[in-house]
Amino acid sequence: MGVTVIMFERELLNLIATANSIVALNGAGVSAESGIPTFRDALTGLWARYNPEELATPQAFGKNPQLVSRWYDQRRCDVLKCMPNAGHIALARLEETCRQKGRPFTLITQNVDRLHRAAGSQNVIELHGNLFTWRCIDCGWEADESGPAFDEHPPRCECGGLRRPGVVWFGEALPGAALLKAQRASGKCALFMSLGTSSVVYPAAALVDLAFENGAKVLEINPEQTPLSRRAHWSLRGKCGEILPDLIDRAGS
Ligand code: OAD
């Protein structure tokens, strides 16, 4: 941790321990220590190895539904083998402490792996959907899939329609209710934590502006600098799985 961080540390710990309401906005970096690749890290990120235009747009699914379905089903199966890490567990613990003290805590995640739920977090807003709920593009029927890889790609609905993964693709709107809830919580919180996200994908990256407008303090944790780093009150360089448990322990939460 840098000098600035040490100077402000007491205020930060105090805020974690007492803030009236806390929002954590998470990105792929939070799950990196569980073995799930991020999107934009230079060598290991998914978008360094795959072309999102061929895999993560409605047009891609229209053009090659089999390829898209296989890719997401493989990711679903890979994620099923992963466990929550110390960062996920620390956030679940913080939520529980806040709940006991009647302080609202909202976890907004851009991740589609459901590892926060697996770690015990209750109040999770999935901004970008998830890998497990596949829905029919014709009749809209959807169901969770936690079994082995599908036999056919894409899997078919009973109505005969093709089913697609329940993730938000580029060019699609975010689920309206989830976004509204995320915006309301961000606009009301006293502490906004931006964790393991590159802060470049909108509208998620704009949530912090609502927090700033409300006078909230902003904490970022990321091994790399992001567009938010200079604006954040505290920008801690490092891994969430290492920094978060320590911060939350020391805050006594
Ligand atoms: P990115 O891949 O853009 O950014 C991940 C961030 O995590 C980077 O800034 C890394 O430096 C940081 N990081 C890596 N390891 C970390 C660790 N152990 N602890 C903390 N931080 C770490 O992922 P997102 O910001 O989540 O959208 O990307 C946002 C959206 O873009 C994703 O939800 C996805 C993608 O396209 C959809 O799929 C709709």
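Computed from a predicted model, the values in this text were never measured in an experiment. Both ligands and their constituent atoms are indexed starting at 1 by order of listing. Side chains included, hydrogens not; waters and symmetry mates left out as well; all remaining heavy atoms used.
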Inset, instruction - Kindly state each residue pair satisfying side-chain hydrogen bond (donor to acceptor under 3.5 Å, both in side chains) with at least one member in residues 159-171, sequence neighbours excluded. - result: Y72-W169, E145-R163, R164-E172
Inset, instruction - Can you tell me which residues line ligand 1 if we count any heavy atom under 4.0 angstrom from one of its atoms, in chain and number order? - result: G27, A28, G29, A32, E33, T38, F39, R40, D41, W47, Q110, H128, V168, F170, G196, T197, S198, V201, N222, P223, E224, G238, K239, C240
Legend entry - R93 with E96: basic N within carboxylate O range, under 4.0 Å: no
Legend entry - D78 and R75 ion-paired at < 4.0 Å: no
Using atom types as modelled, flag every donor-acceptor pair under 3.5 Å from a side chain in residues 151-160 to any protein atom, sequence neighbours excluded.
residue: E152; atom: OE2; partner: R156; partner atom: N; Å: 3.4
residue: H153; atom: ND1; partner: S69; partner atom: OG; Å: 2.8
residue: R156; atom: NH1; partner: G160; partner atom: O; Å: 2.6

Inset, instruction - Return yes if a side-chain donor-acceptor contact under 3.5 Å exists between S229 and R231, otherwise no. - result: no
Inset, instruction - Identify, with sequence neighbours excluded, every residue that meets side chain to side chain donor-acceptor pair (under 3.5 Å) alongside S21. - result: none
